[in-house]
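The block underneath contains the structure these notes are about, expressed in structure tokens.
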Amino acid sequence: MRDPKAMRAMAHPVRLQVMEILNEEGALTATELGERIGESPANTSFHLRTLAKYGFVEEAEGGKGRSRPWRRVSGGIMVREDELTGDARRAAMAMVGALRGAVFRRIERWAGERAGYSEPWQRAGFEIEFKGTLSPEELAQVGAKIKEALAPYRRSDAPPDAARITVAAWGFPTDSAALESS
């Protein structure tokens, strides 16, 4: 993604909520989405049209008149901030920051609601923090191995007791030795 307008469109908090709900629940109408996020159907519809303008959502089949469901367009979003400059880079940083914030909110929600989940899900949930010393190449290898380990679980034939989950991982330097001197 390189279009600053599309990136700013995605970075809006209401649109991020809409995208997350559509991803979790599937196709919904503007009214149904508005009820879930505390927005009016008209405002939610405006945000859906904006997301559709940039190809993030589309109308789903089976709707009539004002009762038209919307769905998320399949596929991921890939932004390489380091390849962008000026307005596109600033928009990318805002969008990626907003997406990261949405993940942090899901993590906090899990932490607050964990006790309400069944015992198997409470035991299955995890938090990991690892501190070590790695080279840039080794850190890249760790990221690749995490992606490889999770790849088999992107499937449509999940077991009957499966639920949507989030696994979030970051790997980054935490000391000034990794900073480039200018």
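The chain is numbered in sequence order, starting from 1. Atom set for the values below is all heavy atoms of this structure, side chains included, hydrogens, waters and symmetry mates excluded. A quick note: this is a predicted structure, and the numbers were derived from the prediction, not measured.
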To the nearest 0.5 Å, how far apart are [atom1] in [X] and [atom2] in [Y]?
X	Y	atom1	atom2	value
Arg68	Glu61	CZ	CD	14.5 Å
Thr133	Leu139	OG1	CG	11.5 Å
Ser135	Gln141	OG	CD	7.0 Å
Ser40	Glu35	OG	CD	11.5 Å
Asp87	Met7	CG	CE	8.0 Å
Ile21	Leu33	CD1	CG	6.0 Å

[X] versus [Y]: any side-chain heavy-atom pair under 4.5 Å?
X	Y	value
Leu16	Met10	yes
Arg106	Glu24	yes
Arg100	Trp170	yes
Trp121	Ile165	yes
Arg89	Glu83	no
Lys53	Arg49	no
Leu28	Pro69	no
Val57	His47	no

Tell me the closest heavy-atom pair linking [X] and [Y], and the distance in Å.
X	Y	value
Ala11	Ala98	O-CB, 3.6 Å
Ala92	Leu84	CB-CD1, 3.6 Å
Glu32	Thr29	OE1-N, 2.8 Å
Ala6	Phe56	O-CE1, 3.6 Å

Exercise. Got a sec: does the CD of Glu119 have more than 12 other heavy atoms crowding it under 6.0 Å?
Worked result: yes
Exercise. Could you go step by step and tell me if Glu58 and Arg72 meet the salt bridge (Lys or Arg N to Asp or Glu O under 4.0 Å) rule?
Worked result: CA-CA 6 Å; Glu58 63 188 7; Arg72 185 175 177 163; over 6 Å; no
For this session: In sequence, state the C-alpha distance, the side-chain angles, and the governing distance for Leu48 and Leu22, and then conclude on side-chain contact (heavy atoms from CB on, under 4.5 Å).
Result: CA-CA 11 Å; Leu48 283 163; Leu22 289 176; 4.2 Å; yes
So does [Y] get a backbone contact from the side chain of [X], meaning a donor-acceptor N/O pair under 3.5 Å?
X	Y	result
Gln122	Ala115	yes
Arg15	Ala9	yes
Arg154	Leu150	no
Arg8	Ala91	no

Quick check on the hydrophobic clustering: are [X] and [Y] connected, directly or via other members, by side-chain heavy-atom contacts under 4.5 Å?
X	Y	value
Met93	Val79	no
Val167	Ile146	yes
Leu99	Val18	yes
Tyr54	Phe46	no

Exercise. Between Trp110 and Phe104, is the ring centre distance below 6.0 Å?
Worked result: no
Problem set entry | Lys/Arg N to Asp/Glu carboxylate O, Glu20 vs Arg109, below 4.0 Å | yes
For this session: Mind running side-chain contact (heavy atoms from CB on, under 4.5 Å) on His12 and Thr50 for me, showing each step along the way?
Result: CA-CA 10 Å; His12 192 283; Thr50 301; over 6 Å; no
